[in-house]
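Structure first, commentary second.
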Amino acid sequence: MVDRYDVVIAGAGPAGAQCARDLATRDYDVVVLETEQEDEFPRQSNKSTAGTFPSMMSSFGVPDDVVMSYTDDVVLESPNSHYKSYQPGAVLEFAEFKRFLVADGRENGAEYRFDSRVSRPILDDDGVIEGVRYNGDEEVYGEVVVDATGPAAPIASALDVVDLERENQAIGIEYEMEGVEMNHPEYADLRRAMMLRLDHDIAPGGYSWIFATGEDTAKVGLCYIQNDRHREFAQEGQTVDGYLDAWVDRDPRFADAETIDEKVHRGSAHIQMPDEMHTDRFLAIGDTVPSIDPLWGEGIHKGMKSARAAAATVDRCLTDSERRLDAESLAVYERLWHRDVAPRMKSRLMLTRLLYLAPNERYDQFMRDLRQAEENTLEKANQGEKASMAKLLHLSDVPLLAKFAREHLGS
Ligand SMILES: Cc1cc2nc3c(=O)[nH]c(=O)nc-3n(C[C@H](O)[C@H](O)[C@H](O)COP(=O)(O)OP(=O)(O)OC[C@H]3O[C@@H](n4cnc5c(N)ncnc54)[C@H](O)[C@@H]3O)c2cc1C
């Protein structure tokens, strides 16, 4: 008998598991194939700092049990300065959060197959996907297939829907630490904060972070995109682990701190403009698109929003009397993605590139400007509003902008 579902989802990350939740709630037959084994899930995929905001928690019914700590502020730090803004948030226990999404989906009828590594699409005579192959020669068929495997993207790549480029790959590593001095006299009070630091000496062409998880415990990490910007500021031969160790060694806030046993998380995501994200009977969601916010790496909420847009699209197509699932009918997903998931992605990518191009001294100036600017300037610039971005630029940035134009506009 053919193993067949309405929807086959590859990957039980925030995006895949949320898509399954939404579809199961609407009574579709959905199966999720996850490469990791259930008894240790998530292991390798337990990669995220999982800082998020109340809007995500309420939109997706995420319970307080998976929250490690609530935070009041977001702090931006530069080598010699900082800027603090009141923005309540939550740091999740990412593994528990992932397990919650799976359990909740199952309660609503979603089926999960762990230890199931998806390798490639099964195509019909017209070259349209009708299922996936996993664990060698196992097969499962669906009306629609969703690739939610994050940067692995085996189906989306095979169908030529996405092309995740190494040049745009950001890599990150993080330690969970205890004994961190969260209110050090030389720095901002981080006891209830998520802090992001722009400093090429610590994370060349990227940023580092301290997210409070308790009075003296925190998630401490860094990431950067492995591109020219990184190479310009990088030290020869240094690895991402080496950069984090070097920061932990020299920042006084970690003088008495230790890494909590085995609490090391690492992973990657691509920071690039999505091209296509669907074709006949197929949708890519989450980091496979990629949906992650380029500027600050907020990928959980974005991925879950993309999952919801995909589920709504499938629902709409399957409730229509014609049940058409060709690329044209599924195109509504891309429209929803650009409208609701990541509006102004292009401007935000531009801002990201500009930000990482700036030297350390400019970061100090940036903090001073933010303190003087109207309260919502950062928020608006963050949303990709050009007028607010312009407010944060100076005449002295002209060489920077010229360099940016040379590199990105080819002039
Ligand atoms: C170090 C780091 C820190 C981060 N911090 C934050 C943060 O603070 N806040 C935030 O919002 N975001 C953060 N992110 C980003 C966020 O974690 C991702 O954007 C999010 O996890 C993407 O979800 P996803 O479901 O698309 O993909 P993933 O989380 O990558 O999930 C993919 C799933 O697919 C499975 N899989 C992979 N290949 C296969 C296959 N062939 N077959 C079957 N299953 C497969 C994986 O095991 C995994 O379970 C961080 C990322 C990293 C790396």
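Note that the coordinates shown come from a computational prediction; the quantities given were computed from them, not determined experimentally. When a residue number appears, it is its place in the shown sequence, counting from 1. Ligands are counted one by one from 1 in listed order, and the atoms in each one are counted from 1 as well.
- Taking the ring centre of Tyr134 as origin, the terminal cationic atom of Arg113 falls outside the region bounded by 6.0 Å and 45° from the ring axis.
- Taking the six-membered ring for Trp and the full ring otherwise, Tyr175 and His265 have centroids separated by 6.0 Å or more.
- The number of heavy atoms from other shown groups lying within 6.0 Å of CG (Asn135) is above 12.
- Atom numbering of ligand 1 starts at 1 in the shown order; those under 4.0 Å from a heavy atom of Ala50 are 5 (N), 6 (C), 7 (C), 8 (O).
- Enclosure of atom CD in Gln44 is not indicated, since only 12 or fewer non-hydrogen atoms of other residues, nucleotides or ligands lie within 6.0 angstrom.
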Run the ring pair (Phe, Tyr, Trp, His ring centres under 6.0 Å) check on Phe114 and Phe41 step by step: do they pass?
-> CA-CA 9 Å; Phe114 285 88; Phe41 178 78; 5.1 Å; yes
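- Atoms of ligand 1 lying under 4.0 Å from at least one heavy atom of Gly267, given by number and element, are 53 (C).
- Within ligand 1, the atoms closer than 4.0 Å to a non-hydrogen atom of Phe211 are 8 (O), numbered from 1 in the order shown.
- When Ser306, Ala153, Ala307, Ala148 are ranked by how near their heavy atoms come to atom 32 (C) of ligand 1, first place goes to Ala148.
- Heavy-atom contacts of Ile300 reach the following atoms of ligand 1: 10 (C), 11 (O), 12 (N) (cutoff under 4.0 Å).
- Heavy-atom contacts of Gly286 reach the following atoms of ligand 1: 26 (O) (cutoff under 4.0 Å).
- If you check each of Thr35, Leu33, Leu196, Ile292 against atom 36 (N) of ligand 1, the one with the closest non-hydrogen atom is Thr35.
- Near Ser116, the atoms of ligand 1 lying under 4.0 angstrom from a non-hydrogen atom of the residue are 42 (N), 43 (C).
- Contacts between Lys302 and ligand 1, counted as non-hydrogen atom pairs separated by less than 4.0 Å, are absent for every part of the residue.
- A donor-acceptor distance shorter than 3.5 angstrom exists from the side chain of Gln272 to the backbone of Glu165, with no hydrogens or angles considered.
- Among Lys47, Arg43, Glu174, the residue whose heavy atom lies nearest to atom 28 (P) of ligand 1 is Lys47.
- Using modelled atom types, no side-chain atom of Asn46 and backbone atom of Phe94 make a donor-acceptor pair closer than 3.5 Å.
- Atom numbering of ligand 1 starts at 1 in the shown order; those under 4.0 Å from a heavy atom of Ala152 are 38 (N).
- The closest non-hydrogen atom to atom 6 (C) of ligand 1, taken over Ser48, Gly150, Ser268, Ala269, comes from Ser48.
- Each of the following atoms of ligand 1 lies closer than 4.0 Å to a heavy atom of Gly297: 6 (C), 10 (C), 12 (N), 13 (C), 14 (N), 15 (C).
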